[in-house]
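Naming: A, B, ... by sequence-line order, numbering from 1 per chain.
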Amino acid sequence: MKIIACIKQVPEKDTRFEINPQGTWIQEQELTFEINECDVYALEEALRLKEKHGGEVVLLSLGGESAEKTMRRGLALGADRGILILAARDQTTDPFTVARALLTQVRLEQPDLVLTGVRSDDQAFSQTGTLLAELLGWPHATIVMKIDWEAGAGRLTIQRELEAGLLEEVSLPFPAVLTIQQGINQVRYPSLKGIMAARKKELRRVNWAATGVSGDRKIAIEKLVFPKSDKKSEIIGGTPRDAAATLVEKMKKEMKIL
Amino acid sequence: MQLGAPHPERWNVSDLILFLVEHGGGRTRPLTWECLAFVQGLALELSRKVIGVVLGNNIDSVCAEVAAAKVQEIWKVSAPELETYNPDCFSAALCQIIKPAEPYAFAFAHTYRTIDFAPKLAAALNVGFISDITRYRIDGGRPVFTKSVFHDKLAAEVSFCAAPPHLLSIQIGSFPGDAAQREGRAPVQEKPVNLAGVPDRRRMLQIIQAMKNQVDLSRAQIIVAVGRGIGKQENLKVAQELAAALGAEIGASRPIVDMEWLPRDRQIGSSGQTVAPRVYFAIGISGAIQHIVGMKNSAFVVAINKDPNAPIFKVANYGIVGDLFEVVPALTQAVKQQKGNG
Ligand SMILES: Cc1cc2nc3c(=O)[nH]c(=O)nc-3n(C[C@H](O)[C@H](O)[C@H](O)COP(=O)(O)OP(=O)(O)OC[C@H]3O[C@@H](n4cnc5c(N)ncnc54)[C@H](O)[C@@H]3O)c2cc1C
Ligand SMILES: Nc1ncnc2c1ncn2[C@@H]1O[C@H](COP(=O)(O)O)[C@@H](O)[C@H]1O
């Protein structure tokens with residue numbers, strides 16, 4: 001089974017963000033980056049399918065030159081090779097443009113499965129994988145928590161999450177696109193051997209112009225702002241001990257749990 | 001940035017704003033009114049008309065229910081293929097409705113189902129989709145939508161560059177349903193769709209209860225819930241000690257459960273349990289919407305977080321801004337002392 005795992009490079013979760021002077025994006029210099037959280041789960045799932053059924057796992061990412069670093073991490077985890085579509089920041093903020101660019105490489109590779117994350121940690125559109133599926137004319141399923149495939153079968157059985165702790169089991173033929181939810185598996189860490197091997201693995205760069213994707217975007221992030229704080233809480237100040245004492249008083253008198 | 005595209009509002013389209021009526025078991029779901037509140041506001045500002053679209057099979061009672069709200073019309077889209085959800089049929093039906101109507105916009109609530117079919121619909125129609133909207137403003141006749149980005153630490157203002165129809169999905173809880181104008185009498189119009197040619201690809205097999213519900217947190221009086229701020233599995237004991245002192249149940253945000261630090265039946269939120277204790281302690285939890293929907297009905301919420309801008313403070317009654325490793329042990333100590341004093 002040949003699987004493409006889409007991985008996006010995003011700033012580390014604990015980052016303290018600054019907005020750039022134009023107000024259009026974050027200041028990216030000096031930040032540390034990682035692979036988007038649910039994409040790590042998607043990659044892990046791809047590796048497990050390969051370990052079980054054989055085949056190949058190809059990483060696909062769209063981003064700046066700096067994305068090579070997180071792609072090497074993906075290779076260290078066990079992916080066989082990678083494709084990096086080099087794009088300017090502008091081209092990464094419209095999910096339609098991203099999907100069309102990813103599409104060009106999926107068409108060339110002709111995999112059996114494309115796995116993406118449910119949602120990117122930076123833009124959180126939850127669109128890219130499903131857009132890609134429709135552009136390919138392939139079936140898809142989102143928020144996937146389990147993938148079953150019996151070798152030789154023409155269909156996959158997957159479980160997708162619904163609200164309130166329910167799962168929906170569906171079957172679909174492949175090739176297909178699945179958007180993977182975090183928690184589907186327990187992810188591995190790269191071994192030293194994996195890290196060494198990753199340096200020599202193929203990482204093909206594709207220039208934006210070579211994708212032939214036009215700049216006609218559907219939506220644009222015009223501006224980033226710090227969220228309006230409509231705080232409702234009464235903030236209890238003081239040392240931890242003082243704050244604890246105040247809170248205990250409230251737990252006794254107001255909340256009546258002590 | 002390529003913002004030089006023509007002003008979308010200048011395109012010649014109908015003056016309709018459509019929204020999808022959420023329903024189940026023959027009744028509208030409360031999300032319908034959140035969506036209605038949103039489109040009524042938008043329609044008022046942009047001088048457009050609101051139309052509710054009901055998709056399904058045997059949906060007369062739902063149509064009647066929304067037709068009694070303040071809308072221009074209800075469009076009934078009924079077909080046996082729409083009885084059970086399937087993205088191919090949903091998307092095909094909506095395409096057949098949207099193409100001839102050329103509405104200005106179509107709005108959805110940002111549910112798991114919307115995540116599953118709305119981007120597909122956007123690609124099929126070759127239009128833009130702004131998802132998970134929390135606010136909007138009109139800027140020179142043109143709407144600009146706000147959504148959360150970077151784990152709620154920043155907000156993005158997003159606009160359309162492409163021609164309508166514009167697809168929109170609103171974050172649950174952002175446009176309170178009580179604001180919807182519910183008084184009216186709208187005609188119900190049948191809109192036939194032909195789904196015979198839709199390929200049979202994805203098949204629903206069964207619905208499964210993911211959690212065996214070993215613990216039922218919905219009845220807990222006090223819940224101490226931990227989030228990623230706890231850092232390591234070993235650190236859970238900090239929260240467990242507070243829970244023990246209070247006689248509370250332990251709950252968690254999703255990442256804690258995803259990492260298997262606690263079992264799945266401890267997860268609180270949209271894909272976990274919904275709880276309403278007397279007091280809910282949120283410790284090292286940022287307060288993402290998927291978490292909030294599971295605990296917002298708690299009588300009291302106490303949040304402990306080192307980030308003063310964490311969204312959890314928008315729903316907490318009391319907050320302590322600080323390092324949980326200092327605050328929580330102090331609190332446990334104070335609770336024990338109080339109990340000791342009887
Ligand atoms: C389809 C879907 C379904 C989902 N369902 C759920 C669900 O059911 N339940 C759920 O919870 N989430 C759910 N999520 C995930 C959700 O969007 C958030 O990612 C998640 O809730 C974040 O968890 P968190 O607050 O623990 O982590 P983070 O967002 O990483 O927050 C950690 C917090 O800890 C604070 N912190 C760090 N260190 C300290 C310290 N030393 N002292 C004090 N504070 C500290 C930080 O300031 C931060 O606010 C879902 C997501 C999707 C896409
Ligand atoms: N620039 C990118 N490069 C590779 N994959 C991406 C990119 N943008 C989005 N994706 C994939 O699409 C998923 C959903 O992203 P989004 O639609 O932005 O929420 C992510 O989890 C990734 O798997």
A:Ser126 side chain to B:Ile115 backbone, donor-acceptor under 3.5 Å: no
If you count heavy-atom pairs within less than 4.5 Å of chain A, which of B:Ala124, B:Ala122, B:Gly294, B:Gly322 leads? B:Ala124
Who wins among A:Asp122, A:Leu224, A:Thr239, A:Ile143 for the most heavy-atom pairs under 4.5 Å with chain B? A:Asp122
Heavy-atom side-chain contact between A:Asp121 and B:His151 under 4.5 Å: yes
Would you check if B:Leu246 and A:Met251 make a side-chain contact, meaning some heavy-atom pair closer than 4.5 Å? yes
Whatever's closer than 4.5 Å to a heavy atom in chain B on A:Leu258 counts as side chain
Taking side chain as everything from C-beta outward and backbone as N, CA, C, O, which of these in A:Arg155 sits under 4.5 Å from a heavy atom of chain B? Side chain, backbone, both or neither. side chain
Show your reasoning for whether side-chain contact (heavy atoms from CB on, under 4.5 Å) applies to B:Phe313 and A:Ser233. CA-CA 6 Å; B:Phe313 290 120; A:Ser233 334; 3.6 Å; yes
Given that the side chain runs from C-beta out, which part of A:Arg160 has a heavy atom under 4.5 Å from chain B: side chain, backbone, both or neither? side chain
Please flag which part of A:Ile184 lies under 4.5 Å from any non-hydrogen atom of chain B: side chain, backbone, both or neither. neither
Heavy-atom pairs under 4.5 Å with chain B, option from A:Gln159, A:Arg89, A:Gln181, A:Arg16 with the top count: A:Gln181
Counting heavy-atom pairs closer than 4.5 Å to chain B, which one of A:Ser171, A:Gly183, A:Ala244 comes out on top? A:Ser171
Residue from B:Met204, B:Gln290, B:Arg203, B:Gln267 scoring the most non-hydrogen pairs under 4.5 Å with chain A is B:Arg203
Counting heavy-atom pairs under 4.5 Å with chain B, the top scorer among A:Leu135, A:Ile19, A:Ile26 is A:Ile26
For A:Gln186, is it the side chain, the backbone, both or neither that has a heavy atom under 4.5 Å from a heavy atom of chain B? side chain
Atom group of A:Pro95 that falls short of 4.5 Å from chain B, counting heavy atoms: neither
Could you walk me through whether B:Arg228 and A:Glu37 satisfy the salt bridge (charged side-chain N to carboxylate O under 4.0 Å, His left out) test, starting with their C-alpha distance in whole Å, then the side-chain angles of each, then the deciding distance to 0.1 Å, before giving a yes or no? CA-CA 13 Å; B:Arg228 184 149 34 207; A:Glu37 186 162 19; 2.9 Å; yes
So do the side chains of B:Asn126 and A:Phe96 get within less than 4.5 Å of each other, counting heavy atoms only? yes
Can you tell me how far the CG atom of A:Leu247 sits from the CG atom of B:Leu331, to the nearest 0.5 Å? 5.5 Å
Does a side-chain N-to-carboxylate-O contact under 4.0 Å join B:Lys153 and A:Glu12? no
Interface moiety of A:Lys250 toward chain B, non-hydrogen atoms closer than 4.5 Å: side chain
Intermediate values then yes/no, side-chain contact (heavy atoms from CB on, under 4.5 Å), B:Leu154 and A:Val225: CA-CA 6 Å; B:Leu154 295 171; A:Val225 292; over 6 Å; no
Could you tell me which of B:Ala118, B:Gly128, B:Ala155 has the largest number of non-hydrogen atom pairs under 4.5 Å with chain A? B:Ala155
Top residue by heavy-atom pair count (under 4.5 Å) with chain B, among A:His140, A:Gln123, A:Arg241, A:Gln22? A:His140
Side chain, backbone, both or neither: which part of A:Ala141 has a heavy atom under 4.5 Å from chain B? both
Looking at side-chain heavy atoms only, is the closest gap between A:Glu254 and B:Asn317 below 4.5 Å? no
Step-by-step side-chain contact (heavy atoms from CB on, under 4.5 Å) determination, B:Val335 to A:Val248: CA-CA 6 Å; B:Val335 168; A:Val248 163; 4.0 Å; yes
Go through A:Leu172, A:Leu156, A:Leu131 and name the one with the most non-hydrogen pairs under 4.5 angstrom from chain B. A:Leu131
Kindly compute the distance separating NZ (A:Lys228) from OG1 (B:Thr146), expressed to the nearest 0.5 Å. 7.5 Å
Chain B contact via A:Phe125 - which portion, at a heavy-atom distance below 4.5 Å: both
Check whether A:Lys252 gets within reach of chain B through its side chain, its backbone, both or neither, counting any heavy atom under 4.5 Å. side chain
Check each atom of A:Arg119 against the heavy atoms of chain B and say whether the ones under 4.5 Å are side chain, backbone, both or neither. side chain
I need the single residue from A:Thr142, A:Thr130, A:Thr179 that forms a side chain to side chain donor-acceptor pair (under 3.5 Å) with B:Asp116. Which is it? A:Thr142
Heavy-atom distances under 4.5 Å only: say whether A:Asp94 touches chain B with side chain, backbone, both or neither. neither
Cut-off 3.5 Å, side chains only: do B:Ser270 and A:Glu163 have a donor facing an acceptor? no
Set out, in order, the CA-CA distance, both residues' side-chain angles and the distance that settles salt bridge (charged side-chain N to carboxylate O under 4.0 Å, His left out) for A:Glu222 and B:Arg142, then state yes or no. CA-CA 13 Å; A:Glu222 293 188 4; B:Arg142 180 188 72 118; 2.7 Å; yes
Before giving the answer on side chain to side chain donor-acceptor pair (under 3.5 Å), spell out for B:Ser131 and A:Gln127 the whole-Å C-alpha distance, their side-chain angles and the decisive distance to 0.1 Å. CA-CA 8 Å; B:Ser131 40; A:Gln127 294 189 26; 2.9 Å; yes
Top contributor to chain A contacts, counting heavy-atom pairs under 4.5 Å, from B:Arg113, B:Glu326, B:Glu157, B:Arg264: B:Glu157
Distance from A:Ile219 atom CD1 to B:Lys147 atom NZ, nearest 0.5 Å? 8.5 Å
With a sphere of 6.0 Å drawn around CD of B:Gln333, does it hold more than 12 non-hydrogen atoms of other residues, nucleotides or ligands? no
Does a sphere of radius 6.0 Å around NZ in A:Lys232 hold more than 12 heavy atoms from other residues, nucleotides or ligands, not counting ones at 6.0 Å or beyond? yes
Just wondering, do B:Phe129 and A:Lys218 contact through their side chains at under 4.5 Å, heavy atoms? no
Does this structure show an ion pair linking B:Arg202 with A:Glu169, if we count only N-O contacts that are shorter than 4.0 Å? no
If you round to the nearest 0.5 Å, how far is OG1 of A:Thr157 from CD of B:Gln206? 10.0 Å
How many angstroms lie between atom NZ of A:Lys256 and atom CZ of B:Phe300, to the nearest 0.5 angstrom? 8.0 Å
If you count heavy-atom pairs under 4.5 Å between each of B:Val321, B:Ile130, B:Asp132 and chain A, which one has the most? B:Ile130
Tell me, for A:Ala124 versus chain B, whether the close heavy atoms (under 4.5 Å) come from the side chain, the backbone, both or neither. both
Spacing of A:Glu161 atom CD and B:Ser271 atom OG [to the nearest 0.5 Å]: 4.0 Å
Tell me, for A:Leu162 versus chain B, whether the close heavy atoms (under 4.5 Å) come from the side chain, the backbone, both or neither. both
If you count heavy-atom pairs within less than 4.5 Å of chain A, which of B:Arg254, B:Arg278, B:His110 leads? B:Arg254
Any A:Ile235 side-chain heavy atom under 4.5 Å of B:Ile320 side chain: no
Between B:Val302 and A:Met255, is there a side-chain heavy-atom distance shorter than 4.5 Å? yes
